[in-house]
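The structure displayed is predicted, hence computed values, not measured ones. Residue numbers begin at 1 in each chain, while the letters A, B, ... track the order of the sequences.
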Number of protein chains: 2
Amino acid sequence: MAVRDEPVSRRERPAKPALSRRSILDAALTLIRERGVESVSLRHVAERVQTGPASLYAYFASRDVLLEHVLDDVYGTVELVDAGAGDRGWRDALAGTIVNTIDALGRYPGLGAVALGMIPTLPGALRLADHELGLMSLGGIPEAQAGLAIDLIAQFVAATATERTVRGAPLGAPERDAIRDAFRSADPERFPHLVRSVDALTRPTEQERRDFAIQVIIAGIAGAGGSVWAAGPASARA
Amino acid sequence: MAVRDEPVSRRERPAKPALSRRSILDAALTLIRERGVESVSLRHVAERVQTGPASLYAYFASRDVLLEHVLDDVYGTVELVDAGAGDRGWRDALAGTIVNTIDALGRYPGLGAVALGMIPTLPGALRLADHELGLMSLGGIPEAQAGLAIDLIAQFVAATATERTVRGAPLGAPERDAIRDAFRSADPERFPHLVRSVDALTRPTEQERRDFAIQVIIAGIAGAGGSVWAAGPASARA
DNA sequence: ATCGTTCGCGAACATTGTTCGTTACAAACG
DNA sequence: CGTTTGTAACGAACAATGTTCGCGAACGAT
């Protein structure tokens, strides 16, 4: 049941390269890059490292644990953007780091979904959080606020990466037209604002949406100060 | 291959109540409420409506399609909050609507994940979007900005609901302590800011995080005007 | 009463994650 | 050098999944 950290084979020169956490991670990574997370079955991974599915359990306790480590590996490769000079330096650096994280996840279709279902405690995620905390500290964001912002940013990144890669391609023109038609043909009596705003809803590109969201989040963090509601928002339900 | 909209049974009075989209949806809904989306297999749903898995394909083309309709059904039950009087009325109404949506999804563990992998075109989602557009119009938000905001809000809601319900319970005290320990025991050389902010990162409750995020988003939408970046954010990678 | 249509579904298929018990090998020991 | 021992590796099996196929049976029309 114990999971090992180092090469396991006791042969000094096994016929094939010895199994290792690293080689399994690499196999999973290329598999995801080629065919997405959904196709990462233990059998496929095992095949790539020339063994059977049962052998993987010596290195990762389950498929989920394997995916967690794959994700953290990707987090670890994200290029951190440092703050330049000037007053707004930290903002651009934060935005750049966020974009880089989204891009990194985007190269591994479906990994974003893994991130959403996981509490980040592995080094790659810590590295990202630490960098972002440093940038916000530079910008004079109060510590309590920065702590909350970290969560929001991580959630946004994971959600964006997930949305973007639900199904391989980044949403082609035909689908976009189909959606536009669905909106346009909606009942104008029931959904007046929506029908009126069909263009505003369907024209923006993926990038525009992303940049708008990043701008909103950073502006919200920097701007509105620590004034969290005294009472929670109006909620009709118990 | 055609999927029907109305009851399919040709008997006028079949021995059991006739299969229908509605009854299948209800079965799936209670199943999700009790045991989460992951346990919604076609076999379990079929069992609840006293039939076999193959029969469901007459009403929904696949499991994913079924889940899409289940999700939209839940969207349709969300209590919309109208804007009260005053200048900030629309903000509170928008916040309240968002909270209600999160709560509604929260009652169906795992449904948020479905929302993230889907482009909303069914009536329940349209109803929500239309209401939110109306509120923002009331607040004088430019149409283009409101269109982008709709996306961000939908994404945030789905991601929050997903995070909150990865694993049944809403994150108990022992897990929280484990996370705090993981942060505290991180290398202070590599992650100085993180170690310093351990409290800010681990103390806030789920509700505080949610309210902070909503405040940031609404403030960002209302505040920063239409000044989207001229050029995209600094990105180091191609 | 018979026919043809088609709804409903039992059975099967290919995959999945995971577990169990055996095999085979390298080091430790006599 | 022969025996023992711990354990990495793995083949086989299990239960569960989404989906498809094709048959039987019940219906409306004739």
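Using a 4.0 Å heavy-atom distance criterion, B/Val45 is classed as making no nucleic acid contact.
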Distances under 3.5 Å between protein N/O atoms and the N/O atoms of nucleotides 11-15 of chain D, please, pair by pair.
from   : atom 1 : to      : atom 2 : distance (Å)
D/dA13 : N6     : A/Arg43 : NH2    : 3.1

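When the C1' atom of D/dT17 is taken as reference, atom CG of B/Asp64 falls 13 Å away, rounded to whole Å. Here the C1' atom of nucleotide C/dT16 and the CD atom of B/Glu38 are 14 Å apart, to the nearest Å. Between the CD1 atom of B/Ile24 and the P atom of C/dC9 there is a distance of 10 Å, given to the nearest Å. Rounded to an integer number of Å, the gap from B/Gln50 CD to C/dG10 P is 12 Å. A/Leu56 places its CG atom 15 Å from the P atom of D/dA8, with the value rounded to the nearest Å. For B/Glu47 and C/dC9, the CD to C1' distance is 15 Å, given to the nearest whole Å. Atom CG in B/Leu42 sits about 9 Å away from atom C1' in D/dT17, given to the nearest Å. When rounded to the nearest whole Å, the span between CG of A/Leu66 and P of C/dG17 equals 10 Å.
A/Glu34 is linked by a salt bridge (charged side-chain N to carboxylate O under 4.0 Å, His left out) to A/Arg48, counting only residues two or more places apart in sequence or in another chain. Scored by the side chain to side chain donor-acceptor pair (under 3.5 Å) test, A/Thr160 finds B/Gln155 as partners (sequence neighbours excluded). Partners of A/Asp151 according to the salt bridge (charged side-chain N to carboxylate O under 4.0 Å, His left out) rule, which considers only residues two or more places apart in sequence or in another chain, are B/Arg209.
When every heavy atom of B/Ala28 is checked against every heavy atom of B/Val70, the shortest pair comes out as CB-CG2, 3.8 Å.
Candidate nucleotides C/dT16, C/dT18, D/dG18 were compared by shortest atom distance to the side chain of B/Arg63, and D/dG18 ranks first.
Because its NZ or CZ atom is both nearer than 6.0 Å to the ring centre of A/Phe60 and within 45° of the ring axis, A/Arg21 counts as a cation-pi partner of that residue.
Between B/Ser41 and D/dT17 there is a side-chain N or O to OP1 or OP2 distance below 4.0 Å. Taking only side-chain nitrogens and oxygens, A/Tyr57 never comes nearer than 4.0 Å to OP1 or OP2 of C/dG17.
Listed by first then second residue, pairs satisfying salt bridge (Lys or Arg N to Asp or Glu O under 4.0 Å) with a partner in residues 54-67 of chain B number zero, not counting sequence neighbours.
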Below 3.5 Å, can you tabulate the donor-acceptor pairs from side chains in residues 197-204 of chain A to any protein atom, sequence neighbours excluded?
from     : atom 1 : to       : atom 2 : distance (Å)
A/Ser197 : OG     : A/His193 : O      : 3.2
A/Asp199 : OD1    : A/Arg180 : NH1    : 3.3
A/Thr202 : OG1    : A/Val198 : O      : 2.8

